[in-house]
Amino acid sequence: MGDQGPVALLGSGEYLPAMEAVEQELLAGRPPRMAQLATAAAPEGGERVRYWHRLGGRAADRLGVEQVVVPVVDRASADDAEVAALVEGAGLVYLSGGSPPFLAATLRGTRVWRAIHDAWRAGAALAGCSAGAMALTANVPDLLHPRRPPEPGLGVVPHLQVIPHFDRLPRIVPSRALRWLMAPSHGVIVLGIDEDTALVGGPDQWEVQGHRSVWEITAHGRTEHPRGSRLRLAPPHADDTA
């Protein structure tokens with residue numbers, strides 16, 4: 001995969017002190033520029049987007065890097081060449097939380113997404129938290145309406161499906177909906193990522209970082225991977241051809 005950068009899939013905690021060590025590691029040896037997209041929060045209104053910008057600015061200050069706000073709130077801004085140019089030179093590109101389907105639908109096939117993808121393939125780290133993590137996969141279900149057809153994702157990790165906030169989700173999502181979200185899909189590994197926890201690596205080799213666990217979900221149950229675990233998450237069919 002050449003100089004492709006790492007991918008970080010976070011269950012929650014973007015820009016907060018709980019994830020600072022993860023963010024620091026993602027930036028290590030890379031340009032001290034953190035490109036931040038609060039796109040997933042755009043359906044909640046401008047104040048919520050500004051909240052993420054403020055939070056991201058404080059995180060950048062703690063990390064000693066430059067905050068680069070990439071102001072994408074709709075398809076028009078996602079396809080703006082000047083906005084896309086802001087991604088250039090980033091050491092870390094960060095997609096924060098909100099609506100996973102909206103984020104995937106807004107970025108897919110745009111100039112901004114091509115700029116992000118190109119930066120990642122050239123060595124920048126790429127992080128997605130909550131909605132951001134879900135959008136980086138192949139299919140993006142709606143956590144609030146899991147029976148709706150999933151939105152096509154951005155496909156950075158097409159063999160994974162992410163359920164963020166996994167340790168908290170049973171308190172906010174009905175059990176029937178949660179079972180629907182956790183149903184295994186052919187060719188896809190379903191992962192629950194706890195809050196304040198990150199799965200970092202890719203495409204096949206990963207490490208659990210942060211404070212809690214990542215859960216691999218199959219038809220036979222759940223396997224816990226606590227922090228510090230190293231695991232191989234190749235596409236399920238890969239072993240058939242090895």
Side-chain angles (χ1 to χ4, degrees), residues 6-14 16 18-19 21-23 25-26 40 94-101 103-104 126-148 150-151 153-239:
V7 174
L9 307 172
L10 284 70
S12 79
E14 67 270 62
L16 296 175
M19 288 287 96
V22 173
E23 295 159 358
E25 181 173 320
L26 291 171
Y94 218 138
L95 310 178
S96 54
S99 168
L103 175 59
L126 176 57
C129 186
S130 188
M134 294 178 71
L136 294 177
T137 67
N139 296 304
V140 185
D142 188 329
L143 289 177
L144 299 180
H145 305 95
R147 288 184 178 270
R148 291 179 178 174
E151 182 74 31
L154 299 170
V156 170
V157 283
H159 60 299
L160 303 181
Q161 178 178 320
V162 171
I163 306 174
H165 306 280
F166 191 67
D167 50 335
R168 183 168 168 262
L169 213 57
R171 299 196 293 272
I172 57 177
V173 175
S175 58
R176 182 178 297 178
L178 187 57
R179 285 195 299 271
W180 186 269
L181 287 169
M182 291 168 53
S185 303
H186 179 69
V188 174
I189 300 168
V190 181
L191 300 171
I193 303 179
D194 287 345
E195 296 200 327
D196 296 336
T197 303
L199 185 66
V200 182
D204 296 346
Q205 303 298 325
W206 299 84
E207 182 180 359
V208 180
Q209 299 181 8
H211 297 272
R212 297 186 177 89
S213 298
V214 170
W215 301 80
E216 191 171 351
I217 301 163
T218 70
H220 306 292
R222 310 178 191 180
T223 301
E224 182 179 9
H225 301 287
R227 63 178 182 177
S229 298
R230 296 179 182 272
L231 53 155
R232 183 172 184 266
L233 295 171
H237 58 76
D239 290 337

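Here the closest heavy-atom approach between residue Gly13 and residue Glu23 is recorded as O-OE2, 4.4 Å. For Leu10 against Tyr94, the heavy-atom pair with the smallest separation is CD2-OH, 3.3 Å. Minimum heavy-atom separation, Gln209 to Val22: OE1-CG2, 3.7 Å. The minimum heavy-atom distance linking Leu191 with Glu216 is given by the pair CD2-CA, 3.9 Å. Across all non-hydrogen atoms, the minimal contact from Ala131 to Ser96 is CB-O, 4.3 Å.
Contacts of Pro158 classified as side-chain contact (heavy atoms from CB on, under 4.5 Å), with partners at least two apart in sequence or in another chain: Ala138. Remark: Asp204 engages His159, Arg232, Ala234, Pro235 in a side-chain contact (heavy atoms from CB on, under 4.5 Å) (not counting sequence neighbours).
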In sequence, state the C-alpha distance, the side-chain angles, and the governing distance for Phe166 and Asp194, and then conclude on side-chain contact (heavy atoms from CB on, under 4.5 Å). CA-CA 5 Å; Phe166 191 67; Asp194 287 345; 3.6 Å; yes
Step by step, work out the side-chain contact (heavy atoms from CB on, under 4.5 Å) result for Leu103 and Val140. CA-CA 10 Å; Leu103 175 59; Val140 185; over 6 Å; no
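Remark: side-chain polar atoms of Glu14 are paired, donor with acceptor, to backbone N or O of Gly97 under 3.5 angstrom. At distances below 3.5 Å, at least one donor-acceptor pair connects side-chain atoms of Thr197 with backbone N or O atoms of Glu195. Using a distance-only test at 3.5 Å, with no hydrogens or angles considered, no donor-acceptor pair links the side chain of Ser130 to the main chain of Gly11. Side chain of His211 to main chain of Ala18: a donor-acceptor pair is present (N/O by atom type, distance under 3.5 Å, no hydrogens or angles).
Only one option out of Thr137, Thr218, Ile163 pairs with Val190 in a side-chain contact (heavy atoms from CB on, under 4.5 Å); it is Ile163.
Side chains of Asp167 and Trp215: a donor-acceptor N/O pair is absent below 3.5 angstrom, by distance only.
Note on residues 129-141: no pairs pass salt bridge (charged side-chain N to carboxylate O under 4.0 Å, His left out), not counting sequence neighbours.
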